[in-house]
**Student:** 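To start, I am sharing the structure in question, which I have written as structure tokens.
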Amino acid sequence: MTARILVPTAFLTLLALAVAVPGLLTGVDPLSADPLGALTPPGGAHWFGSDHLGRDVLSRVVYGARHSLSIGVTATAVAVTSGILLGLAAGLSPKWLDEALARSFDVLSTLPELLLALLVIAITGPGTVNVIFAIAIAQIPNYARVIRAQTFVVRHAGYVEQAVTFGRSRAVITAQHVLPNVLGPIPVLATIGLGQAVIGASGLSFLGMGPQPPAAEWGAMLAEARNYLRVAWWEALFPGAAITLTVICLTVIGRRLQHRFEGRTP
């Protein structure tokens with residue numbers, strides 16, 4: 001394994017550890033405030049410094065991974081599942097229904113994901129569950145369009161036509177022959193889509209629509225830190241770096257998977 005893939009893998013493993021057992025990485029309570037130690041620069045007492053309430057930034061970044069990544073992973077899982085079902089429905093449906101679903105996917109795909117998520121939030125209201133729902137809806141067309149296209153290819157394959165000739169039911173053909181053969185691109189799309197979901201979750205939280213203070217979440221931390229950039233750069237730097245590195249590492253892993261899927265790497 002080259003360093004180009006080893007470093008992102010190691011960083012994502014560290015993030016997974018932060019989500020599962022954050023206490024192993026820091027023993028400081030992320031909600032514990034110390035007004036007398038507010039805006040302390042990075043140093044021995046606080047490796048990443050302290051924020052405007054005297055809370056340890058390192059601890060908040062570590063615990064914030066649970067919120068940011070949980071929202072991203074859940075939203076991606078919902079989007080992938082819904083996209084697969086809708087894509088299959090479109091690819092296997094009569095022409096009129098396929099056209100209706102395809103045009104719906106096209107319309108939703110023309111809207112920027114964050115804008116579409118904001119529209120959903122405007123209807124459903126703020127909150128963690130609604131943020132997950134909003135991000136998932138914004139990402140569904142990405143998966144549904146790919147599955148629809150793959151379904152068109154697979155449904156005309158020789159082994160599917162042979163199964164029809166043998167009298168297999170539509171449900172059996174879909175479950176045993178179509179579905180397993182249309183899922184190839186999904187791990188690639190989901191890995192890259194997870195990075196986009198993390199950005200979306202952080203962006204919505206930055207706007208005050210995700211987990212509410214004092215919860216430690218990377219986007220919410222950036223929102224709180226924006227008023228202290230001149231006097232405490234570290235309060236915004238480290239949660240911002242966490243978001244950036246997470247997205248970069250997921251994208252690198254996703255591109256690696258894409259190359260392997262396309263047969264361009266051993």
**Student:** Any side chain to side chain donor-acceptor pair (under 3.5 Å) involving residues 12-23? Give me the pairs, sequence neighbours left out, ordered by first then second residue.
**Tutor:** none
**Student:** Please identify each residue that fulfils side chain to side chain contact (heavy atoms under 4.5 Å, CB included) with F206, with sequence neighbours left out.
**Tutor:** L222, A223, R226
**Student:** Which pair of heavy atoms, one from P126 and one from G208, lies closest together, and at what distance?
**Tutor:** CB-O, 4.4 Å
**Student:** Give the minimum heavy-atom separation between V154 and V178, together with the two atoms involved.
**Tutor:** CG1-CA, 3.8 Å
**Student:** Distance-only criterion, 3.5 Å: show the donor-acceptor pairs between side-chain atoms of residues 36-44 and protein atoms not counting sequence neighbours.
**Tutor:**
residue : atom : partner : partner atom : Å
T40     : OG1  : G37     : O            : 2.6
T40     : OG1  : S50     : OG           : 3.4

**Student:** When you compare the side chain of Y143 with that of L189, does any pair of heavy atoms fall below 4.5 Å?
**Tutor:** yes
**Student:** Return each pair, listed once, that meets salt bridge (charged side-chain N to carboxylate O under 4.0 Å, His left out) where at least one residue sits in residues 104-124; pairs must be two or more places apart or across chains.
**Tutor:** R103-D106, D106-R145
**Student:** Not counting sequence neighbours, which residues clear salt bridge (charged side-chain N to carboxylate O under 4.0 Å, His left out) with R148? List them please.
**Tutor:** D98
**Student:** Determine, step by step, whether L69 and T246 satisfy the side-chain contact (heavy atoms from CB on, under 4.5 Å) criterion, reporting the C-alpha distance in whole Å, the side-chain angles of both residues, the deciding distance to 0.1 Å, and the verdict.
**Tutor:** CA-CA 9 Å; L69 293 181; T246 299; 3.9 Å; yes
**Student:** Which pairs count as ring pair (Phe, Tyr, Trp, His ring centres under 6.0 Å) when at least one residue sits in residues 228-249, sequence neighbours excluded?
**Tutor:** F48-F238, H52-Y228
**Student:** When rounded to the nearest 0.5 angstrom, what distance separates CG in L250 from CG in L15?
**Tutor:** 8.0 Å
**Student:** Less than 4.5 Å apart, side chain to side chain, heavy atoms only: is that true for V57 and L237?
**Tutor:** no
**Student:** Please determine whether side-chain contact (heavy atoms from CB on, under 4.5 Å) holds for the pair I71 and V198, giving the CA-CA distance in whole Å, both sets of side-chain angles, and the decisive distance to 0.1 Å.
**Tutor:** CA-CA 7 Å; I71 292 174; V198 170; over 6 Å; no
**Student:** What pairs with D56 under salt bridge (charged side-chain N to carboxylate O under 4.0 Å, His left out), at least two apart in sequence or on another chain?
**Tutor:** none
**Student:** Which atom pair, heavy atoms only, marks the closest approach of T128 to P211?
**Tutor:** OG1-CG, 3.6 Å
**Student:** Tell me, do I135 and L204 make a side-chain contact under 4.5 Å, heavy atoms counted?
**Tutor:** yes
**Student:** Starting from the C-alpha separation in whole Å, work towards a yes-or-no answer on side-chain contact (heavy atoms from CB on, under 4.5 Å) for I84 and L179.
**Tutor:** CA-CA 9 Å; I84 290 172; L179 182 59; 3.8 Å; yes
**Student:** Pairs in or reaching into residues 95-138: which pass ring pair (Phe, Tyr, Trp, His ring centres under 6.0 Å), with residues at least two apart or in two chains?
**Tutor:** none
**Student:** Mind jotting down which residue pairs meet the salt bridge (charged side-chain N to carboxylate O under 4.0 Å, His left out) criterion with at least one end in residues 21-49? Sequence neighbours excluded, please.
**Tutor:** none
**Student:** Specify the closest pair of heavy atoms between V28 and S59, including all atoms of both residues, with the distance to one decimal.
**Tutor:** O-OG, 2.6 Å
**Student:** Going by the rule side chain to side chain contact (heavy atoms under 4.5 Å, CB included), which residues pair with V107 if we only count those two or more places apart in sequence or in a different chain?
**Tutor:** none
**Student:** Do the side chains of I192 and R255 get nearer than 4.5 Å, heavy atoms only?
**Tutor:** yes
**Student:** Between L114 and G200, what is the shortest heavy-atom contact and its length?
**Tutor:** CD1-O, 4.3 Å
**Student:** Taking salt bridge (charged side-chain N to carboxylate O under 4.0 Å, His left out) as the cut-off, I'd like each qualifying pair that reaches into residues 208-224, sequence neighbours left out, listed once.
**Tutor:** R55-E224, R60-E224
**Student:** Are V61 and L229 in one and the same hydrophobic cluster, where Ile, Leu, Val, Met, Phe, Trp and Tyr link if side-chain heavy atoms are under 4.5 Å apart?
**Tutor:** no
**Student:** Scan residues 174-199 for pairs that pass salt bridge (charged side-chain N to carboxylate O under 4.0 Å, His left out), counting only residues two or more places apart or in two chains.
**Tutor:** none
